[in-house]
Amino acid sequence: MSATPRVPVPPTLQAPLPMTLPRLAEKKRLGEPIVMVTAYDYPSAQVVEAAGVDMVLVGDSGAMTVLGYPSTVPVTTDEMLMLAGAVRRGLHTPLMVGDLPFGSYEASNEQAIATAQRFIKEVGCDAVKLERGGTSVERARAIVESGIPVMGHVGLTPQTATALGGYRAQGRTAGRALSVARDAIALQEAGCFSIVFEAIPADVTDVLMERLEIPVIGIGAGPGADGQVLVFHDLLGIYDGHAPRFAKHYADLRAEMVAGVAEYAAEVRSRAFPAPEHAYSIDDEELLAFVEALG
Ligand code: KIV
């Protein structure tokens, strides 16, 4: 066999390496911030892929941002799988996590494993996420033992916001911070590869970081976490509903989208659109023949 000399590919032309659990753990070890964002469909997946994020969550926040439900509670597993399937088709490099919706994993370990398997088998998620400590710790352990990576989620857990007293920061007293700590440590011990901290004081995060070996991804949990996650529609300013204080807007796409559609509507009404360059032509003889044939 003749050895063909290989021309080295410049680093900028190399395809990015797909994110894996060991690479994620390595990022934590090296102190490299981890970037996570939600996506819910093919175009948003293509956008976050092109932006080079590390992890993508097909979040049940999609219940509100793309399906128009008043909360995350009503969304079904089938609806989440449809969103996740669309994301999968547009996503190649980041680690893709599917959010188990409310009512799809709490009843038993068997239910939790069966739902998690659907996210892996039917749509190709790399991992799943579930909310809360308590009984969710056992569910997380069961899913991990079935061979599926699990991400935990503590602090403000929107699926059970009513029981938490509403959409409000958690862990703001010593007792409540202790309960967040117990949940987080129990989820780590159950084998979760990572955990989301939502809406907890930055100082509580900082204290807990010393106890957690797995990557902590914060949303409204201060700068001390290993990474940050934001909801796609919040960060791009697409969603018209309530945005929490931690949702920084990096763009105001909704205003641009409304302006674009309004300009289109105005041009249709004034007959400025379509212009000649948007129309197809036919040769004069062909047109004449057509009109004659039509009688
Ligand atoms: O569903 C979601 O978007 C989430 C993030 C806020 C972590 O759970």
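One-based numbering along the sequence shown. None of these values were measured; they are calculated from a predicted model. In listed order, ligands and their atoms are each counted from 1.
- Classification of the Phe273-Tyr264 ring pair by plane angle, with boundaries at 30° and 60°, yields perpendicular.
- Heavy atoms of Lys129 approach ligand 1 to within less than 4.0 angstrom.
- You'll find the side chain of Met209 reaches within 4.5 Å of the side chain of Asp226, heavy atoms only.
- Under a 4.0 Å criterion applied to the non-hydrogen atoms of Thr38, ligand 1 contributes the atoms 3 (O).
- Side-chain contact of Thr76 with Glu79: a donor-acceptor pair under 3.5 Å is present, judged by distance alone.
- Residue Glu131 places no N or O, backbone or side chain, under 3.5 Å from any N or O of ligand 1.
- Thr93 and Glu49 are linked by a side-chain donor-acceptor pair at a separation below 3.5 angstrom, with hydrogens and angles left out of the test.
- Each of His153, Lys129, Gln159 was compared with Asp99 under the side chain to side chain donor-acceptor pair (under 3.5 Å) criterion, and only Lys129 meets it.
- Every atom of ligand 1 with a heavy atom of Val231 under 4.0 Å away is listed here by number and element: 3 (O).
- Taking a cut-off of under 4.0 Å to the non-hydrogen atoms of Ser61, the atoms of ligand 1 that pass are 1 (O), 2 (C), 3 (O).
- A chain of hydrophobic side-chain contacts below 4.5 Å, direct or via other Ile, Leu, Val, Met, Phe, Trp or Tyr residues, connects Ile238 to Leu235.
- Within ligand 1, counting atoms from 1 as listed, the ones closer than 4.0 Å to a heavy atom of Ile219 are 6 (C).
- The residue among Ile217, Asp60, Leu57, Val58 with a heavy atom at the shortest distance from atom 7 (C) of ligand 1 is Leu57.
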